[in-house]
Amino acid sequence: MERPSRLVLLSELRVRNTTYDVSLSRSQLTWKRRVSSPVYHPFRPSVCHSVSVSEIISVREEEEENGSRRREDGSWKKIKEREEKDCRQAFTVLYVERCRQHRWRCAEVTFTCSDGPLCQHWISSIREQLATITSRPKHLLVYINPYGGKRQGKRIYEQKVAPLFAQAGVSTHVIVTEYANHARDHLKTEAELEKFDGVVCVGGDGMFSEIIHGLIWRTQIDNGVDPNCPDETLSGCSLRIGIIPAGSTDCICFATVGTNDPVTSALHIIVGDSQPMDVCSVHHNNTFLRYSVSLLGYGFYGDVLTDSERKRWMGPARYDLSGLKMFLTHHYYEGTVSYLPARGIIGTPRDAARCRSGCVVCQHNGQLHSERAESYEMDDMSNCESDGEWRTIRGKFLAINAASMSCACPRSPKGLSPAAHLADGTTDLILVRKCSRFDFLRHLLRHTSKDDQFDLTFVEVHRVRRFRFMPRHCQSDSELELDLQENSKHQIFSQICRDHPACGCAPAYSSWNCDGEILTHTAIDVRVHCQLINLFARGIEEPPVFEDLTNPCAI
Ligand SMILES: Nc1ncnc2c1ncn2[C@@H]1O[C@H](COP(=O)(O)OP(=O)(O)OP(=O)(O)O)[C@@H](O)[C@H]1O
Ligand SMILES: CCCCCCCCCCCCC/C=C/[C@@H](O)[C@H](CO)NC(=O)CCCCC
Ligand SMILES: [Ca+2]
């Protein structure tokens, strides 16, 4: 059990018209209703509230002017003469309150003091404790996509987020983007990053993708790392990234916070949370294509994205329509997947345990990864993944998905790979082989129920560090020769028919969906970079099961 930390202040203060014993320690602010008689009173149970200092947003002195008191929204409330004396010596503490489904709210409590100096002492003591928290951002660079999702980004930021930042004393430099890739290019070349403690994007997964592309690229150039070389160890980004969700899927926000709620995200930024995250680099023939943090999907998810881009005007509903269309179309694609299994790690894609706040799997595997990286550096053999470990699968696939995190989102609250980890240095490679429409529907529907979407004969999943894909039409002559030998004559003719563009019966290749962007190449080389970036988040919190004995109210 953690010891209660040393008391900083203890006073008798009032909340509304009730007297409380209020105490401040280095870690907690607690207010406990005074019980006048020790006799048990069934209708008046003792009330105790406790807030962790790390979750106090700010403290403000209640101002009074011409017999009026300032309200939370800045308006003024006339106060009764009887109250006047008290109101002059009041202070309000704003703090994080947990609501349903991982949502956070900014709650407040006003304490009135018996005298002015005591009130000032409380305000300065709380501020002193807050000042010791060094992880909180003071200056943020904010990019708003006014066209993401339902085109509400600007309104969401101005009405829900900016007032909270102001209350918490966080200063911002806000840029409303004027065109696609505005934020990425600004970060790559222009932004004076040394002036900020973090970057915030207001938008969806596409906007987040712009931010990481700008930041990761800039970090590599500043550190002399060649982003085009797939074997280079990338330099980690020092600036944390905050996501204010205002997009169509908001998968990255949902999978790192547990909800896509702008106020919750703003509060995670203010309290200075930190969540490391894996990033995949995607290359084609030693040329950098893109980074990915959530889904790399060929076949079904690539086709859904390609089709949905033509329906952008529909907003988030475009994915449902394109999803249905591509399900009915039922295209499959041939190709070769090779992968490097993740060795020595703990956790598998079929685990019942989930990646949650303070995840031990991420901590263990992250540690393992950095120890290995150090020993490779000492041996001067950074590209030591021996070819012997690679495994190869050739086949016909409805979908090839790599999920570097669960990809949980409102459409699928458990996600594409429910047991994937945010920061374990691996991605879950999911291969859905050619099957009937009915079976594919069973697989898809299991993303929305408790049933295991991998427990099907035509689905396999591997936890990997690196993988490559080569569509059949790109394979070398010798590889195709091998394929021909493996197939019956009938299959060969049907394949030739399918590959022939004039037939129009089925396409030979799909596209890669890379975090919601279409890749320009189909043959790709993907490598996971463990914990390359950090978010203003803490992972999804587990609801408390047992009474928390470190909570002063429980003692
Ligand atoms: N000012 C702008 N005008 C046009 N496009 C923009 C602008 N700013 C950003 N974009 C682009 O808009 C695209 C979509 O943005 P965003 O991710 O915010 O919303 P979304 O696609 O609706 O959501 P999601 O990615 O969650 O599905 C991004 O790829 C981004 O590059
Ligand atoms: C017939 C009933 C079927 C029901 C099946 C539901 C399955 C839903 C799984 C959802 C997986 C989302 C993965 C996230 C991908 C994001 O990086 C990307 C960018 O925002 N979104 C899409 O590509 C948008 C992709 C949207 C796909 C529907
Ligand atoms: Ca991962």
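For the single chain, residues carry numbers from 1 onward in sequence order. As the structure lists them, so they are numbered: ligands from 1, and atoms in each ligand from 1.
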Checklist entry - Is the shortest distance from a heavy atom of Y319 to ligand 1 less than 4.0 Å? => result yes
Item to check | Heavy-atom side-chain proximity of F469 to I400 below 4.5 angstrom | outcome: yes
Next on the checklist: Between F288 and W217 (judged by ring centroids, cut-off 6.0 Å), do the two rings come close enough to count as a pair?
Outcome noted: yes
Checklist entry - Does some non-hydrogen atom of E517 fall short of 4.0 Å from ligand 1? => result yes
Checklist entry - Considering distance alone, does some N or O of E210 sit under 3.5 Å from an N or O of ligand 1? => result yes
Checklist entry - Looking from the Ca ion (ligand 3), what is the angle between O on S404 and O on T426, to the nearest 10°? => result 100°
Item to check | Aromatic ring proximity Y332/F397, centre distance under 6.0 Å | outcome: no
Checklist entry - Hey, do the aromatic rings of Y298 and Y301 have their centres closer than 6.0 Å? => result no
Checklist entry - When you measure from atom 12 (O) of ligand 1 to every protein heavy atom, which one gives the shortest distance, and what is it? => result N145 ND2, 3.3 Å
Checklist entry - Are the side chains of C530 and D424 in touch, meaning some heavy atoms are under 4.5 Å apart? => result no
Checklist entry - Taking the six-membered ring for Trp, is the centroid-to-centroid distance between F327 and F300 below 6.0 Å? => result no
Next on the checklist: On a heavy-atom basis, I'd like to know which of S294, P413, G206, S248 is closest to atom 17 (O) of ligand 2.
Outcome noted: S294
Item to check | Whether R318 lies under 4.0 Å from ligand 1, heavy atom | outcome: yes
Checklist entry - Cut-off 3.5 Å, side chains only: do T427 and S404 have a donor facing an acceptor? => result yes
Next on the checklist: Side chain or backbone, does T249 bring an N or O within less than 3.5 Å of an N or O on ligand 2?
Outcome noted: yes
Checklist entry - Can an N or O of G203 be found at a distance shorter than 3.5 Å from an N or O of ligand 1? => result no
Next on the checklist: Check whether N365 reaches the backbone of I345 with its side chain - one donor and one acceptor, N or O, closer than 3.5 Å.
Outcome noted: no
Next on the checklist: Yes or no: does F327 have any heavy atom under 4.0 Å from an atom of ligand 2?
Outcome noted: no
Next on the checklist: Between the Ca ion (ligand 3) and D424, which N, O or S atom of the residue is the nearest one?
Outcome noted: OD1
Next on the checklist: One residue to check: N513. Relative to ligand 2, which of side chain, backbone, both or neither has a non-hydrogen atom less than 4.0 Å away?
Outcome noted: side chain
Item to check | CD/E192: more than 12 non-hydrogen atoms of other groups inside 6.0 Å | outcome: no
Item to check | Within-shell test, H182 vs ligand 1, heavy atom, strictly < 4.0 Å | outcome: no
Item to check | Degrees at the Ca ion (ligand 3) between the O atom of H421 and the OD2 atom of D278, nearest 10° | outcome: 110°
Next on the checklist: Tell me whether A246 has any N or O atom under 3.5 angstrom from an N or O of ligand 1.
Outcome noted: no
Checklist entry - Is ligand 1 less than 4.0 angstrom away from at least one heavy atom of G516? => result no
Checklist entry - If you draw a 6.0 Å radius around CZ in R155, do more than 12 non-hydrogen atoms from other residues or ligands fall strictly inside? => result yes
Next on the checklist: I want to know if ligand 2 touches D205 in the polar sense, i.e. an N/O pair below 3.5 angstrom.
Outcome noted: yes
